[in-house]
Structures are given as C-alpha cells and as structure tokens.
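In this chain, residues are counted from 1 in sequence order.
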Amino acid sequence: MTPYFFGDTAVLTGRSLRHVTRSMDTVITTVITPIAMMLMFVYVFGGAIDTGTTSYVNYMLPGILLITVASGVSYTAYRLFVDMKSGIFERFQSMPIARSGVLWAHVLTSMAANLISLVIVVGVALLMGFRSGAGAAAWLAISGILFLFTLALTWIAVIPGLSAASVEGAGAFAYPLIFLPFISSAFVPTRTMPGPVRAFAENQPVTSIVDTLRRLLAQQPVGGEVWSALAWCVGILVAAYVFAMAVYRRKIA
C-alpha cells in the first residue's frame, strides 16, 4: 500500500461513480429483476406457500435482497472488463498511483450502486405491505450483514471482470449466484424439500444469511445462526479477495 493509496482510491472511485451516474439504466436494470420476482412470488405464488403467521412479503424479502446484490455485482464485473479491454489499466500503470486503488475504486462503486438498489427494493416492499418492528440495533446488524455479503460478492465479481474472455462471460458468473437463493430457505421452508435438496439447502450460505436477516426483521432471537452467517460472509470475502488480487497481479505483471 503506497502513501497515496486512499487519495488515489478516492479519485478513481469518483471516476467510476461518474460512469454509473451517466448510465443510471444499470441501476434500474439491477432492481427490475428482484422487484419482478417479488411481485410474482407475493401475488402469484405467495398464497400457496405456508409461512405460518408471517406475511409472505416479510418472509421472502431477505432472499430478494440477496438476489438484488447478486444481480448488481454482475455490472461490477462488466465495468471492470470494459476498463481492462480499453487499455486504461495500462495507462494507470504508467502513472505514480496505487495499483490496487483501481480495483478498490470498482469495489466501492459497486457498494454504492448496490446500496441504492437495496433501498429501492425495500421501498417497493413497503408499498407491498412489508412491515418490521426491528429496532435500531437490529437494523444496524442487518446493514452489517448485507455490507459483508455485498463486499464478498463484489470481490467475487472482480475475478471474472479481470479474467473473462468476453463481455458476456464477465456477467454470466452472476447467474449461479442469483439462482442459489432458490435452493435455500429464501422462498419456501426447507422442511418441504426432498431429502438431498433439503440437506444442500440447509447447509449452504444463503440459508443461514436469510434466516438471520428474517429473525432480525421479526425481532426474534438469532441464536447461533448469526455466527454461521458471519462466518460464511467473512470466509467468502477473504477467499475472493486473495484470489482476485492474485489474478490482478498476474494480469499487470
């Protein structure tokens, strides 16, 4: 880390944010898919799914929030891929700036864009009847988990953004991430799933994260589930960061 890392990262982040503000269609496109899913599941399938005393919009919102993030980070990979192919990285390498600042600029831009998307989705959920009595501490915990989850997925997005052979390949990595919540407790209770599917659903990261967010929103005790959710988020973040930096060093060597 150079002495100018923070200043260089701030300038480069400003550049990336300007690109996003000039093409707000990327943010709009990001929220269309999760909002469409939310409308479909609540008004088409919701009445057929037994969630007990919990309204279905309250039940499935945590999963929709994770899908929103997964949809959003695909644009991080796209923007990074475009920068790689445009030659801007070579220009930055010839300048006395922190090299890792280029990646962090894309990561911070992703965090800001996803924050906007999440706020929009929650706003639509409120219009659909979502309500929560969670206090300030619970909302702070929810924000912290979503922050870690978004940061982890963003660093995953950096890897295809640096290494993909085509723009389609750079964005296609997000499809499994968007699909993963469907094999979890995000939309239906795992007890209704057949044995092998249930075993997978109950032992993958999305279920522990969704269950933790759902209990926080419902003012229920989270128990040990929160530690599982945090462990998944931190573990994925560390692995993705190390791998992404290794790919970056190989690319600029």
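Note that CG of Leu153 and OG of Ser71 are 11.0 Å apart. Values are rounded to the nearest 0.5 Å. The line from CZ of Arg79 to OG of Ser110 is 6.5 Å long, rounded to the nearest 0.5 Å. Once rounded to the nearest 0.5 Å, the distance linking OG of Ser132 with CD of Gln219 reads 6.5 Å. Here CH2 of Trp155 is found 10.5 Å from NE2 of His106. Values are rounded to the nearest 0.5 Å. The line from CG of Leu66 to CG of Leu61 is 9.5 Å long, rounded to the nearest 0.5 Å. Taken to the nearest 0.5 Å, the CD1 atom of Ile145 stands 5.5 Å off from the CG atom of Leu216.
The six-membered or imidazole ring of Trp232 lies away from that of Trp227, with a centre-to-centre distance of 6.0 Å or more.
The nearest pair of heavy atoms linking Tyr59 to Thr54 is N-CG2, 4.0 Å. For the pair Met38 and Ile64, the tightest heavy-atom approach, listed with the atom from each and the gap, is N-CD1, 4.0 Å. In terms of heavy atoms, Ala186 sits closest to Gly63 at CB-CA, 3.8 Å. Nearest heavy atom pair, residue Ser184 against residue Gln204, reads CB-NE2, 3.4 Å. Between Ser185 and Asp211 the shortest heavy-atom distance is OG-OD1, 2.8 Å. Minimum interatomic distance between Phe187 and Pro181 (heavy atoms only, all atoms of both residues): CD1-O, 3.9 Å.
The closest donor-acceptor contact from the side chain of Ser143 to the backbone of Trp139 lies under 3.5 Å. Not a single donor-acceptor pair under 3.5 Å links the side chain of Arg198 to the backbone N or O of Thr192. Side chain of Ser117 to backbone of Ala113: a donor-acceptor contact under 3.5 angstrom is found.
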Checking Met193 against Phe200 for the side-chain contact (heavy atoms from CB on, under 4.5 Å) test, could you report, in this order, the C-alpha distance in whole Å, the side-chain angles of both residues, the deciding distance, and whether it holds? CA-CA 10 Å; Met193 300 176 183; Phe200 175 80; over 6 Å; no

Walk me through whether Arg250 and Leu162 qualify under side-chain contact (heavy atoms from CB on, under 4.5 Å). CA-CA 10 Å; Arg250 187 173 70 249; Leu162 292 172; over 6 Å; no

Would you please test Thr207 and Glu202 for side chain to side chain donor-acceptor pair (under 3.5 Å) and show each step? CA-CA 6 Å; Thr207 292; Glu202 291 180 346; over 6 Å; no

Which is it for Leu217 and Asn58 under the side-chain contact (heavy atoms from CB on, under 4.5 Å) test, yes or no, and what are the steps along the way? CA-CA 8 Å; Leu217 288 170; Asn58 280 28; over 6 Å; no

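Checking each of Val69, Leu237, Thr76, Thr109 against Thr154 for a side chain to side chain contact (heavy atoms under 4.5 Å, CB included) leaves exactly one that passes, namely Thr76. When the options Thr68, Leu115, Ile35 are evaluated for a side chain to side chain contact (heavy atoms under 4.5 Å, CB included) with Ile120, the one that passes is Ile35.
Residues Val31 and Tyr175 fall into different hydrophobic clusters, defined by Ile, Leu, Val, Met, Phe, Trp and Tyr side chains chained together at heavy-atom separations under 4.5 Å. Residues Val188 and Tyr43 share a hydrophobic cluster, clusters being chains of Ile/Leu/Val/Met/Phe/Trp/Tyr side chains in contact below 4.5 Å. Following chains of ILVMFWY side-chain contacts shorter than 4.5 Å, one can reach Met37 starting from Leu213, so the two form part of one hydrophobic cluster. The cluster map of Ile, Leu, Val, Met, Phe, Trp and Tyr, joined by side-chain heavy atoms under 4.5 Å apart, puts Leu177 and Val234 in the same cluster. Taking hydrophobic clusters as Ile, Leu, Val, Met, Phe, Trp and Tyr residues chained together by side-chain heavy-atom distances below 4.5 Å, Leu39 shares a cluster with Val44.
Residue Phe182 places its CZ atom among more than 12 non-hydrogen atoms of other residues, nucleotides or ligands, all under 6.0 Å distant.
Taking Ser228 as the reference, nothing meets the side-chain hydrogen bond (donor to acceptor under 3.5 Å, both in side chains) condition, with sequence neighbours excluded.
Side-chain contact between Ile236 and Leu148: absent, with no pair of heavy atoms (C-beta onward) separated by less than 4.5 Å. Between Val73 and Ile156, every side-chain heavy-atom pair lies at or beyond the 4.5 Å cut-off. Residues Met245 and Leu103 are in side-chain contact: their nearest non-hydrogen atoms beyond the backbone lie under 4.5 Å apart. Val107 is listed as a side-chain neighbour of Trp104, based on a closest heavy-atom distance under 4.5 Å.
If you check the side chains of Thr212 and Glu225, you find no donor sitting under 3.5 Å from an acceptor.
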